[in-house]
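Here's the structure we're looking at; comments come further down.
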Amino acid sequence: MATHLTLFYDGGCPLCVREMRHLKALDQARGQNLAFENIWASDFSQRFPHVDIAEANRILHAQTADGTMLYGLDVTHAAWSAVGRGWLTAPLRWPLLRWLADHGYLGFARYRNRISKLITGKERCLECSLDE
């Protein structure tokens, strides 16, 4: 099956990479609908010139197979839906919760390195691998 969602993630964030590893493992069991691209890869800008690295570092970005860009929790919901677990994130997209969830996500994204230090013991890594 062809990839239908490409996730652009911060490969230097241990917490972000942990999430991508989890999604990758679930995706492999379901037919590999997801592709994972580290925004800090040396050739990222050449391969994805339409993705602003500074913005992708600020909030999660993804691209659907038809070229549509998704951002923030829309990416999270699309990715979890692709691995058959969209029901876990669907409430974050409900109209009454969406605004709160999106603002909460922006705070989380802004402080993700500090949060990563609390959860994983590491604030940053030179390049965390999805294959570890």
Side-chain angles (χ1 to χ4, degrees):
M1 180 176 272
T3 298
H4 69 264
L5 187 67
T6 301
L7 300 158
F8 304 112
Y9 70 96
D10 176 1
C13 169
L15 189 59
C16 305
V17 171
R18 179 186 277 186
E19 177 78 0
M20 294 303 125
R21 282 182 192 145
H22 190 173
L23 282 167
K24 185 176 180 182
L26 292 170
D27 187 47
Q28 288 175 337
R30 290 188 62 92
Q32 298 181 320
N33 296 310
L34 302 176
F36 302 88
E37 295 291 344
N38 179 355
I39 63 171
W40 303 118
S42 60
D43 62 346
F44 183 85
S45 291
Q46 289 78 36
R47 292 184 299 119
F48 302 100
H50 60 287
V51 177
D52 180 321
I53 292 174
E55 271 302 296
N57 187 45
R58 190 177 76 79
I59 62 169
L60 188 59
H61 284 43
Q63 183 173 334
T64 64
D66 69 4
T68 302
M69 293 297 295
L70 302 175
Y71 307 97
L73 290 178
D74 288 334
V75 174
T76 301
H77 182 57
W80 282 92
S81 294
V83 298
R85 305 261 176 101
W87 58 272
L88 292 169
T89 57
L92 300 175
R93 305 295 75 204
W94 292 350
L96 295 176
L97 295 179
R98 185 181 192 109
W99 186 89
L100 289 171
D102 286 344
H103 282 78
Y105 168 77
L106 291 175
F108 170 83
R110 183 175 183 179
Y111 297 105
R112 72 184 181 277
N113 292 317
R114 291 180 188 165
I115 295 167
S116 181
K117 174 88 170 162
L118 291 172
I119 294 173
T120 70
K122 292 171 64 177
E123 189 169 328
R124 298 288 296 165
C125 51
L126 291 177
E127 186 174 335
C128 307
S129 172
L130 292 187
D131 298 320
E132 290 179 2

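This one's a predicted model, so the numbers in the text were calculated from it and none came from an experiment. For the single chain, residues carry numbers from 1 onward in sequence order.
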With side chain to side chain contact (heavy atoms under 4.5 Å, CB included) as the criterion, how do Arg110 and Leu106 come out once you've worked through the C-alpha distance, each side chain's angles and the decisive distance to 0.1 Å? CA-CA 6 Å; Arg110 183 175 183 179; Leu106 291 175; over 6 Å; no
Does [X] [atom1] have over 12 foreign heavy atoms under 6.0 Å away?
| X | atom1 | result |
| --- | --- | --- |
| Tyr111 | OH | no |
| Arg114 | CZ | no |
| Leu96 | CG | no |

If you take the centroid of each ring, where Trp contributes its six-membered ring, are His22 and Trp80 closer together than 6.0 Å? yes
Name all residues meeting the side-chain contact (heavy atoms from CB on, under 4.5 Å) criterion together with [X]; count only those two or more places apart in sequence or in a different chain, and write none if there are none.
| X | result |
| --- | --- |
| Trp99 | His103 |
| Glu37 | Thr6, Phe8, Phe44, Arg47, Phe48 |
| Ala56 | Ile39, Val51, His61 |

What is the distance from atom [atom1] of [X] to atom [atom2] of [Y], rounded to the nearest 0.5 Å?
| X | Y | atom1 | atom2 | result |
| --- | --- | --- | --- | --- |
| Thr89 | Asp74 | OG1 | CG | 10.0 Å |
| Lys117 | Cys13 | NZ | SG | 13.5 Å |
| Leu73 | Leu97 | CG | CG | 11.0 Å |
| Met20 | Leu130 | CE | CG | 8.0 Å |
| Phe36 | Glu19 | CZ | CD | 9.5 Å |
| Gln63 | Met69 | CD | CE | 5.5 Å |

Any salt bridge between Asp52 and Arg58, counting N to O under 4.0 Å?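 Here Asp52 does not pair with Arg58 in a salt bridge, since their nearest N and O are not under 4.0 Å apart.
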Beyond-backbone contact of [X] with [Y], side-chain heavy atoms, under 4.5 angstrom:
| X | Y | value |
| --- | --- | --- |
| Val75 | Ile59 | no |
| Ile119 | Arg18 | yes |
| Lys122 | Cys125 | yes |

Applying side chain to side chain donor-acceptor pair (under 3.5 Å), name anything that partners Arg124, two or more places apart in sequence or on another chain.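 Listed in chain order: Asp10, Asn113.
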Sequence-distant partners of Gln28, side chain to side chain donor-acceptor pair (under 3.5 Å), two or more places apart: none
N/O donor-acceptor pair under 3.5 Å between [X] side chain and [Y] backbone:
| X | Y | answer |
| --- | --- | --- |
| Ser45 | Pro49 | no |
| Asn33 | His4 | no |
| Arg112 | Ala109 | yes |
| Thr120 | Ser116 | yes |

What's the shortest heavy-atom distance between [X] and [Y], and which atoms?
| X | Y | answer |
| --- | --- | --- |
| Leu70 | Ala78 | CD1-CB, 3.7 Å |
| Leu23 | Val83 | O-CG1, 3.9 Å |
| Ala62 | Leu5 | CB-CD1, 3.8 Å |

Among pairs that include at least one residue of residues 77-86, which meet salt bridge (charged side-chain N to carboxylate O under 4.0 Å, His left out), considering only residues two or more places apart or in two chains? none
Working note: Leu15 + Phe108, criterion side chain to side chain contact (heavy atoms under 4.5 Å, CB included); need CA distance, chi angles, decisive distance, verdict. CA-CA 11 Å; Leu15 189 59; Phe108 170 83; 3.7 Å; yes
I'd like to know whether Leu92 forms a side chain to side chain contact (heavy atoms under 4.5 Å, CB included) with Tyr105, so could you lay out the CA-CA distance, the side-chain angles of the two residues, the decisive distance to 0.1 Å, and finally the verdict. CA-CA 10 Å; Leu92 300 175; Tyr105 168 77; over 6 Å; no
In sequence, state the C-alpha distance, the side-chain angles, and the governing distance for Gln32 and Lys24, and then conclude on side chain to side chain contact (heavy atoms under 4.5 Å, CB included). CA-CA 8 Å; Gln32 298 181 320; Lys24 185 176 180 182; over 6 Å; no
